[in-house]
Q: 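Take a look at this one; I'll ask things after.
Position 1 is the first residue of the sequence, and the numbers go up from there. Order of listing sets the numbers, starting from 1, for every ligand and every atom in it.
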Amino acid sequence: MPEKVIIIGSGPAGWTAAIYAARANLEPLVFAGRPKSSPSLVLPGGQLMLTTDVENYPGFPEGVTGPKMMAYFEQQAVRFGTRIVTDEGMNPDVSDPDDGHSSKYQDCKSVDFSSRPFTVVGEDDKVYESHSVIVATGATANWIGLENEQRLAISGGGVSACAVCDGAMPIFRNKELGVVGGGDSAVEEATYLTKFASKVYMIHRRDKLRASKIMQKRALDNPKIEVLWNKVVVDVLGDASITGVRLRDTGTDEESDRQLGGLFVAIGHTPATEFLQGQLELDAKGYVKLKDTYRSTTSVEGVFAAGDVSDSVYRQAVTAAGMGCKAAMDAERWLADQGLD
Ligand code: NAP
(Lines give C-alpha, C1' and ligand atoms only; values in the text may rest on other atoms or scores of the structure.)
Protein backbone atom coordinates (compact mmCIF):
# COMPACT_ATOMS: atom_id res chain seq x y z
CA MET A 1 0.00 0.00 0.00
CA PRO A 2 1.42 3.40 -0.90
CA GLU A 3 1.97 5.88 1.92
CA LYS A 4 -0.43 8.81 2.07
CA VAL A 5 2.33 11.35 2.47
CA ILE A 6 6.10 11.21 2.56
CA ILE A 7 7.92 14.23 3.94
CA ILE A 8 11.51 14.79 2.86
CA GLY A 9 13.45 17.01 5.25
CA SER A 10 13.68 17.58 8.98
CA GLY A 11 14.02 21.29 9.63
CA PRO A 12 11.16 23.41 11.01
CA ALA A 13 9.20 23.01 7.75
CA GLY A 14 9.50 19.22 7.61
CA TRP A 15 8.65 18.58 11.26
CA THR A 16 5.75 21.05 11.24
CA ALA A 17 4.35 19.38 8.13
CA ALA A 18 4.72 16.06 9.98
CA ILE A 19 2.90 17.35 13.08
CA TYR A 20 -0.04 18.59 11.00
CA ALA A 21 -0.12 15.53 8.73
CA ALA A 22 0.07 13.16 11.70
CA ARG A 23 -2.74 14.94 13.51
CA ALA A 24 -4.79 14.62 10.31
CA ASN A 25 -4.28 10.83 10.51
CA LEU A 26 -2.12 10.74 7.39
CA GLU A 27 0.58 8.72 9.23
CA PRO A 28 3.42 10.62 7.57
CA LEU A 29 6.73 8.98 6.81
CA VAL A 30 9.73 11.28 7.17
CA PHE A 31 13.11 11.10 5.51
CA ALA A 32 15.00 13.20 8.04
CA GLY A 33 18.23 12.92 6.07
CA ARG A 34 21.89 13.27 6.88
CA PRO A 35 23.07 16.65 8.11
CA LYS A 36 24.18 18.93 5.30
CA SER A 37 24.79 22.31 6.88
CA SER A 38 28.26 21.38 8.11
CA PRO A 39 30.59 18.40 7.68
CA SER A 40 31.10 18.29 11.45
CA LEU A 41 27.45 17.71 12.28
CA VAL A 42 26.16 14.24 13.02
CA LEU A 43 22.46 14.95 13.38
CA PRO A 44 19.97 16.25 10.83
CA GLY A 45 17.68 19.20 11.54
CA GLY A 46 18.80 21.74 8.99
CA GLN A 47 20.28 25.16 9.57
CA LEU A 48 19.15 25.29 13.19
CA MET A 49 21.68 22.62 14.07
CA LEU A 50 24.26 25.38 13.56
CA THR A 51 22.42 27.90 15.71
CA THR A 52 23.21 28.13 19.37
CA ASP A 53 20.50 30.36 20.80
CA VAL A 54 17.22 30.83 18.97
CA GLU A 55 15.70 33.94 20.50
CA ASN A 56 13.17 34.91 17.84
CA TYR A 57 10.97 31.80 17.75
CA PRO A 58 7.72 32.60 19.59
CA GLY A 59 6.96 30.50 22.64
CA PHE A 60 10.49 30.33 24.03
CA PRO A 61 10.78 33.48 26.16
CA GLU A 62 14.19 32.43 27.48
CA GLY A 63 15.42 31.29 24.05
CA VAL A 64 16.29 27.73 23.11
CA THR A 65 19.22 26.12 21.35
CA GLY A 66 18.64 25.20 17.70
CA PRO A 67 19.36 21.46 18.18
CA LYS A 68 17.08 21.29 21.22
CA MET A 69 14.28 23.05 19.35
CA MET A 70 14.59 20.57 16.47
CA ALA A 71 14.48 17.66 18.93
CA TYR A 72 11.28 19.12 20.42
CA PHE A 73 9.75 19.47 16.93
CA GLU A 74 10.62 15.85 16.22
CA GLN A 75 9.22 14.58 19.52
CA GLN A 76 5.97 16.42 18.85
CA ALA A 77 5.72 14.90 15.36
CA VAL A 78 6.40 11.38 16.66
CA ARG A 79 3.88 11.78 19.47
CA PHE A 80 1.10 11.93 16.87
CA GLY A 81 2.28 8.94 14.87
CA THR A 82 4.98 10.23 12.51
CA ARG A 83 7.34 7.48 11.37
CA ILE A 84 10.97 8.18 10.52
CA VAL A 85 13.07 6.15 8.09
CA THR A 86 16.26 5.09 9.84
CA ASP A 87 19.04 2.60 9.13
CA GLU A 88 17.23 0.20 11.44
CA GLY A 89 13.94 0.55 9.61
CA MET A 90 10.96 2.69 10.49
CA ASN A 91 11.93 3.25 14.02
CA PRO A 92 11.54 6.63 15.57
CA ASP A 93 14.13 6.81 18.27
CA VAL A 94 13.46 10.06 19.97
CA SER A 95 15.50 10.55 23.05
CA ASP A 96 16.05 13.39 25.45
CA PRO A 97 16.70 16.57 23.47
CA ASP A 98 19.67 17.22 25.74
CA ASP A 99 21.26 13.94 24.76
CA GLY A 100 20.48 13.97 21.05
CA HIS A 101 19.48 10.88 19.10
CA SER A 102 21.08 7.57 18.37
CA SER A 103 19.35 6.47 15.19
CA LYS A 104 20.96 7.01 11.84
CA TYR A 105 18.41 8.85 9.80
CA GLN A 106 18.22 8.00 6.12
CA ASP A 107 18.65 10.42 3.29
CA CYS A 108 16.32 10.28 0.35
CA LYS A 109 18.48 9.26 -2.60
CA SER A 110 16.11 9.91 -5.47
CA VAL A 111 12.47 10.49 -6.35
CA ASP A 112 10.27 9.71 -9.32
CA PHE A 113 7.36 12.11 -9.69
CA SER A 114 6.63 11.15 -13.31
CA SER A 115 3.82 8.73 -12.44
CA ARG A 116 1.53 8.00 -9.50
CA PRO A 117 1.93 6.77 -6.89
CA PHE A 118 5.21 8.66 -6.60
CA THR A 119 8.34 6.79 -5.57
CA VAL A 120 10.96 7.87 -3.07
CA VAL A 121 14.16 5.85 -2.80
CA GLY A 122 16.14 5.70 0.44
CA GLU A 123 19.91 5.50 0.84
CA ASP A 124 19.62 1.73 1.23
CA ASP A 125 17.86 1.60 -2.19
CA LYS A 126 14.57 0.66 -0.58
CA VAL A 127 11.71 2.05 -2.67
CA TYR A 128 8.75 3.72 -0.97
CA GLU A 129 5.53 4.60 -2.78
CA SER A 130 3.40 7.55 -1.79
CA HIS A 131 0.27 9.32 -3.02
CA SER A 132 1.71 12.70 -2.04
CA VAL A 133 5.11 14.13 -1.14
CA ILE A 134 6.14 17.23 0.79
CA VAL A 135 9.62 18.49 -0.06
CA ALA A 136 11.20 20.38 2.84
CA THR A 137 14.90 19.83 2.33
CA GLY A 138 15.90 23.42 3.01
CA ALA A 139 18.83 25.42 1.80
CA THR A 140 22.31 25.50 3.18
CA ALA A 141 24.14 28.71 3.91
CA ASN A 142 27.34 28.83 1.93
CA TRP A 143 30.46 29.01 4.08
CA ILE A 144 33.93 30.18 3.18
CA GLY A 145 35.17 26.71 4.06
CA LEU A 146 37.72 27.46 6.79
CA GLU A 147 38.28 25.05 9.67
CA ASN A 148 38.14 27.78 12.34
CA GLU A 149 35.06 29.31 10.75
CA GLN A 150 33.18 26.01 11.20
CA ARG A 151 34.55 25.38 14.69
CA LEU A 152 33.44 28.80 15.96
CA ALA A 153 30.09 28.61 14.15
CA ILE A 154 29.19 25.31 15.78
CA SER A 155 30.43 26.27 19.25
CA GLY A 156 28.64 29.63 19.26
CA GLY A 157 31.99 31.39 19.25
CA GLY A 158 30.81 34.45 17.33
CA VAL A 159 30.66 33.16 13.76
CA SER A 160 27.24 32.96 12.14
CA ALA A 161 25.53 32.78 8.77
CA CYS A 162 22.42 34.67 9.88
CA ALA A 163 22.50 38.17 11.32
CA VAL A 164 18.74 38.28 11.81
CA CYS A 165 18.95 35.09 13.89
CA ASP A 166 22.04 35.86 15.94
CA GLY A 167 22.93 39.54 15.58
CA ALA A 168 20.96 40.77 18.58
CA MET A 169 22.79 38.48 20.99
CA PRO A 170 24.66 40.26 23.80
CA ILE A 171 28.05 38.93 22.61
CA PHE A 172 27.82 41.15 19.52
CA ARG A 173 26.72 44.36 21.25
CA ASN A 174 28.96 47.39 20.76
CA LYS A 175 31.57 45.29 18.98
CA GLU A 176 33.26 45.78 15.64
CA LEU A 177 31.76 43.08 13.42
CA GLY A 178 32.56 41.68 9.99
CA VAL A 179 30.17 40.65 7.21
CA VAL A 180 31.57 38.63 4.33
CA GLY A 181 29.98 39.10 0.91
CA GLY A 182 28.90 41.82 -1.48
CA GLY A 183 25.36 40.79 -2.40
CA ASP A 184 21.97 41.97 -1.16
CA SER A 185 22.13 39.62 1.83
CA ALA A 186 25.50 40.99 2.93
CA VAL A 187 24.23 44.58 2.71
CA GLU A 188 21.02 43.66 4.51
CA GLU A 189 22.93 41.86 7.28
CA ALA A 190 25.49 44.65 7.63
CA THR A 191 22.72 47.26 7.85
CA TYR A 192 20.83 45.19 10.41
CA LEU A 193 23.96 44.72 12.50
CA THR A 194 24.58 48.48 12.73
CA LYS A 195 21.71 48.54 15.27
CA PHE A 196 23.92 46.68 17.74
CA ALA A 197 27.52 46.99 16.59
CA SER A 198 29.88 49.90 17.06
CA LYS A 199 31.06 49.38 13.46
CA VAL A 200 30.49 46.88 10.67
CA TYR A 201 33.14 45.98 8.11
CA MET A 202 31.84 44.45 4.90
CA ILE A 203 34.58 42.21 3.55
CA HIS A 204 34.22 41.82 -0.19
CA ARG A 205 36.44 39.97 -2.61
CA ARG A 206 36.03 42.47 -5.47
CA ASP A 207 36.00 46.24 -5.98
CA LYS A 208 32.26 46.37 -6.78
CA LEU A 209 29.26 45.18 -4.80
CA ARG A 210 26.90 42.71 -6.42
CA ALA A 211 23.95 44.10 -4.45
CA SER A 212 21.21 46.12 -6.16
CA LYS A 213 21.93 49.84 -6.53
CA ILE A 214 19.47 50.86 -3.82
CA MET A 215 20.98 48.38 -1.36
CA GLN A 216 24.51 49.48 -2.26
CA LYS A 217 23.58 53.06 -1.49
CA ARG A 218 22.14 51.98 1.82
CA ALA A 219 25.44 50.40 2.81
CA LEU A 220 27.75 53.04 1.42
CA ASP A 221 25.77 55.90 3.00
CA ASN A 222 25.73 54.26 6.43
CA PRO A 223 28.43 55.87 8.59
CA LYS A 224 28.75 52.69 10.65
CA ILE A 225 29.56 50.54 7.61
CA GLU A 226 32.96 50.42 5.95
CA VAL A 227 33.68 48.19 2.98
CA LEU A 228 37.02 46.42 2.89
CA TRP A 229 37.42 46.01 -0.86
CA ASN A 230 39.34 43.23 -2.61
CA LYS A 231 39.76 41.21 0.57
CA VAL A 232 39.18 37.54 1.31
CA VAL A 233 39.11 35.95 4.74
CA VAL A 234 41.86 33.32 4.91
CA ASP A 235 41.53 32.48 8.61
CA VAL A 236 39.29 33.17 11.58
CA LEU A 237 41.25 33.94 14.74
CA GLY A 238 40.39 33.11 18.34
CA ASP A 239 40.08 30.01 20.57
CA ALA A 240 36.75 29.94 22.40
CA SER A 241 35.46 33.08 20.66
CA ILE A 242 36.43 34.99 17.58
CA THR A 243 39.00 37.73 18.11
CA GLY A 244 39.51 38.68 14.47
CA VAL A 245 40.15 37.56 10.93
CA ARG A 246 43.19 37.21 8.70
CA LEU A 247 42.58 38.91 5.36
CA ARG A 248 44.36 38.56 2.04
CA ASP A 249 44.29 41.37 -0.49
CA THR A 250 43.26 39.87 -3.83
CA GLY A 251 45.41 42.39 -5.74
CA THR A 252 48.65 42.38 -3.76
CA ASP A 253 48.37 39.02 -1.91
CA GLU A 254 49.34 40.93 1.22
CA GLU A 255 47.94 39.50 4.46
CA SER A 256 46.70 41.54 7.41
CA ASP A 257 44.81 40.84 10.65
CA ARG A 258 41.73 42.76 11.71
CA GLN A 259 40.25 42.54 15.19
CA LEU A 260 36.54 41.66 15.18
CA GLY A 261 34.01 40.69 17.82
CA GLY A 262 31.90 38.65 15.39
CA LEU A 263 31.79 37.44 11.81
CA PHE A 264 28.69 36.97 9.67
CA VAL A 265 29.11 35.02 6.46
CA ALA A 266 26.59 36.17 3.81
CA ILE A 267 27.81 34.62 0.60
CA GLY A 268 24.56 33.05 -0.55
CA HIS A 269 22.60 29.87 0.04
CA THR A 270 22.34 26.62 -1.88
CA PRO A 271 18.94 24.89 -1.89
CA ALA A 272 19.07 21.13 -1.37
CA THR A 273 17.36 20.25 -4.64
CA GLU A 274 19.94 18.32 -6.63
CA PHE A 275 17.88 15.14 -6.27
CA LEU A 276 14.87 16.99 -7.74
CA GLN A 277 16.49 17.89 -11.07
CA GLY A 278 14.13 16.88 -13.86
CA GLN A 279 11.38 16.01 -11.37
CA LEU A 280 10.10 19.42 -10.26
CA GLU A 281 10.32 22.87 -11.81
CA LEU A 282 13.17 24.78 -10.14
CA ASP A 283 14.15 28.43 -10.57
CA ALA A 284 17.51 29.60 -11.96
CA LYS A 285 19.10 29.30 -8.49
CA GLY A 286 17.70 25.83 -7.88
CA TYR A 287 14.82 26.74 -5.52
CA VAL A 288 11.56 24.81 -5.98
CA LYS A 289 9.10 27.01 -7.88
CA LEU A 290 5.75 27.33 -6.15
CA LYS A 291 2.74 27.56 -8.44
CA ASP A 292 1.09 30.10 -6.21
CA THR A 293 2.86 32.33 -3.69
CA TYR A 294 0.22 31.69 -1.05
CA ARG A 295 0.16 27.90 -1.44
CA SER A 296 2.67 25.08 -1.35
CA THR A 297 1.73 23.59 -4.72
CA THR A 298 4.55 22.81 -7.16
CA SER A 299 4.75 21.97 -10.86
CA VAL A 300 3.66 18.39 -10.06
CA GLU A 301 0.16 17.85 -8.69
CA GLY A 302 0.41 16.01 -5.37
CA VAL A 303 3.92 17.27 -4.62
CA PHE A 304 4.18 20.18 -2.20
CA ALA A 305 7.12 22.25 -1.01
CA ALA A 306 7.77 24.13 2.22
CA GLY A 307 10.51 26.10 3.91
CA ASP A 308 13.81 27.40 2.61
CA VAL A 309 13.84 24.94 -0.29
CA SER A 310 11.20 27.16 -1.88
CA ASP A 311 11.91 30.46 -0.13
CA SER A 312 15.02 32.49 -0.83
CA VAL A 313 13.60 35.59 0.83
CA TYR A 314 12.61 35.06 4.47
CA ARG A 315 14.59 31.97 5.51
CA GLN A 316 13.43 32.01 9.14
CA ALA A 317 12.52 29.05 11.35
CA VAL A 318 9.10 30.53 12.00
CA THR A 319 8.31 31.19 8.32
CA ALA A 320 9.54 27.70 7.40
CA ALA A 321 7.31 26.19 10.09
CA GLY A 322 4.35 28.17 8.74
CA MET A 323 5.04 26.89 5.25
CA GLY A 324 5.24 23.33 6.61
CA CYS A 325 1.78 23.76 8.10
CA LYS A 326 0.44 25.02 4.76
CA ALA A 327 2.01 22.11 2.86
CA ALA A 328 0.45 19.52 5.20
CA MET A 329 -2.97 21.17 4.88
CA ASP A 330 -2.62 21.41 1.10
CA ALA A 331 -1.63 17.72 0.95
CA GLU A 332 -4.51 16.72 3.22
CA ARG A 333 -7.05 18.58 1.06
CA TRP A 334 -5.58 17.27 -2.16
CA LEU A 335 -5.65 13.66 -0.89
CA ALA A 336 -9.28 14.11 0.17
CA ASP A 337 -10.20 15.54 -3.24
CA GLN A 338 -8.59 12.51 -4.88
CA GLY A 339 -10.35 10.10 -2.51
CA LEU A 340 -6.94 8.94 -1.27
CA ASP A 341 -7.26 9.88 2.39
P1 NAP B 1 24.37 36.55 -4.00
O2 NAP B 1 23.61 37.62 -4.69
O3 NAP B 1 24.72 35.32 -4.75
O4 NAP B 1 25.72 37.25 -3.46
C5 NAP B 1 26.71 36.47 -2.86
C6 NAP B 1 27.89 37.38 -2.54
O7 NAP B 1 28.87 36.60 -1.87
C8 NAP B 1 28.56 37.98 -3.77
O9 NAP B 1 28.95 39.29 -3.52
C10 NAP B 1 29.77 37.07 -3.98
O11 NAP B 1 30.89 37.75 -4.50
C12 NAP B 1 30.11 36.69 -2.57
N13 NAP B 1 30.74 35.38 -2.49
C14 NAP B 1 30.30 34.21 -3.03
N15 NAP B 1 31.13 33.20 -2.71
C16 NAP B 1 32.12 33.75 -1.97
C17 NAP B 1 33.27 33.23 -1.35
N18 NAP B 1 33.56 31.92 -1.40
N19 NAP B 1 34.08 34.07 -0.67
C20 NAP B 1 33.79 35.41 -0.59
N21 NAP B 1 32.71 35.97 -1.15
C22 NAP B 1 31.87 35.14 -1.84
O23 NAP B 1 23.64 36.03 -2.68
P24 NAP B 1 22.69 36.83 -1.67
O25 NAP B 1 23.25 38.14 -1.34
O26 NAP B 1 22.41 35.86 -0.56
O27 NAP B 1 21.35 37.04 -2.49
C28 NAP B 1 20.64 35.91 -3.02
C29 NAP B 1 19.40 36.40 -3.75
O30 NAP B 1 18.46 36.95 -2.82
C31 NAP B 1 19.72 37.52 -4.73
O32 NAP B 1 18.91 37.39 -5.85
C33 NAP B 1 19.37 38.77 -3.96
O34 NAP B 1 19.03 39.87 -4.80
C35 NAP B 1 18.17 38.30 -3.14
N36 NAP B 1 18.08 39.09 -1.89
C37 NAP B 1 17.35 40.26 -1.93
C38 NAP B 1 17.26 41.04 -0.79
C39 NAP B 1 16.46 42.30 -0.82
O40 NAP B 1 16.10 42.73 -1.86
N41 NAP B 1 16.19 42.91 0.32
C42 NAP B 1 17.92 40.67 0.40
C43 NAP B 1 18.67 39.50 0.39
C44 NAP B 1 18.75 38.72 -0.78
P45 NAP B 1 30.89 38.24 -6.03
O46 NAP B 1 30.05 39.47 -6.06
O47 NAP B 1 32.33 38.51 -6.28
O48 NAP B 1 30.35 37.10 -6.82
Q: Are there over 12 heavy-atom neighbours, none belonging to Tyr128, within less than 6.0 Å of that residue's OH?
A: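 Counting other residues, nucleotides and ligands, OH of Tyr128 exceeds 12 neighbours.
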
Q: Write none if no such pair exists; otherwise list each N/O atom of ligand 1 with its protein N/O partner under 3.5 Å and the distance.
A:
{"unit_1": "ligand 1", "atom_1": "9 (O)", "unit_2": "Gly182", "atom_2": "N", "d": "2.9"}
{"unit_1": "ligand 1", "atom_1": "9 (O)", "unit_2": "Gly183", "atom_2": "N", "d": "3.2"}
{"unit_1": "ligand 1", "atom_1": "11 (O)", "unit_2": "Arg205", "atom_2": "NE", "d": "3.2"}
{"unit_1": "ligand 1", "atom_1": "11 (O)", "unit_2": "Arg205", "atom_2": "NH2", "d": "3.4"}
{"unit_1": "ligand 1", "atom_1": "25 (O)", "unit_2": "Asp184", "atom_2": "N", "d": "3.3"}
{"unit_1": "ligand 1", "atom_1": "25 (O)", "unit_2": "Ser185", "atom_2": "N", "d": "2.9"}
{"unit_1": "ligand 1", "atom_1": "25 (O)", "unit_2": "Ser185", "atom_2": "OG", "d": "3.3"}
{"unit_1": "ligand 1", "atom_1": "26 (O)", "unit_2": "Ser185", "atom_2": "OG", "d": "2.6"}
{"unit_1": "ligand 1", "atom_1": "32 (O)", "unit_2": "Lys285", "atom_2": "NZ", "d": "3.2"}
{"unit_1": "ligand 1", "atom_1": "34 (O)", "unit_2": "Asp184", "atom_2": "OD2", "d": "2.5"}
{"unit_1": "ligand 1", "atom_1": "41 (N)", "unit_2": "Glu188", "atom_2": "OE2", "d": "2.9"}
{"unit_1": "ligand 1", "atom_1": "46 (O)", "unit_2": "Arg206", "atom_2": "NE", "d": "3.4"}
{"unit_1": "ligand 1", "atom_1": "46 (O)", "unit_2": "Arg206", "atom_2": "NH2", "d": "2.8"}
{"unit_1": "ligand 1", "atom_1": "46 (O)", "unit_2": "Arg210", "atom_2": "NE", "d": "3.0"}
{"unit_1": "ligand 1", "atom_1": "47 (O)", "unit_2": "Arg205", "atom_2": "NE", "d": "2.9"}
{"unit_1": "ligand 1", "atom_1": "47 (O)", "unit_2": "Arg206", "atom_2": "NE", "d": "2.7"}
{"unit_1": "ligand 1", "atom_1": "48 (O)", "unit_2": "Arg205", "atom_2": "NH2", "d": "3.1"}
{"unit_1": "ligand 1", "atom_1": "48 (O)", "unit_2": "Arg210", "atom_2": "NE", "d": "3.2"}
{"unit_1": "ligand 1", "atom_1": "48 (O)", "unit_2": "Arg210", "atom_2": "NH2", "d": "2.7"}

Q: Under a 3.5 Å cutoff, is there a donor and acceptor pairing between the side chains of Gln76 and Trp15?
A: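 No, because no side-chain N or O of Gln76 sits under 3.5 Å from a partner of the opposite role on Trp15.
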
Q: Side chains of Ser212 and Asp184: is there a donor and an acceptor less than 3.5 Å apart?
A: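 Indeed, the side chains of Ser212 and Asp184 share at least one donor-acceptor pair under 3.5 Å.
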
Q: Parallel, tilted or perpendicular: which describes the rings of Phe60 and Tyr72, with under 30° parallel and over 60° perpendicular?
A: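 Geometry flag for Tyr72 against Phe60: parallel rings.
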
Q: Do Phe196 and Phe172 pass the ring-ring contact (aromatic ring centres under 6.0 Å, His included) test, and can you show the C-alpha distance, the side-chain angles, and the key distance before you say yes or no?
A: CA-CA 7 Å; Phe196 318 104; Phe172 298 119; 9.1 Å; no

Q: If you count the non-hydrogen atoms of other residues, nucleotides and ligands that lie under 6.0 Å from CG in Asn56, is the total more than 12?
A: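 It does: Asn56 CG has more than 12 such atoms within range.
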
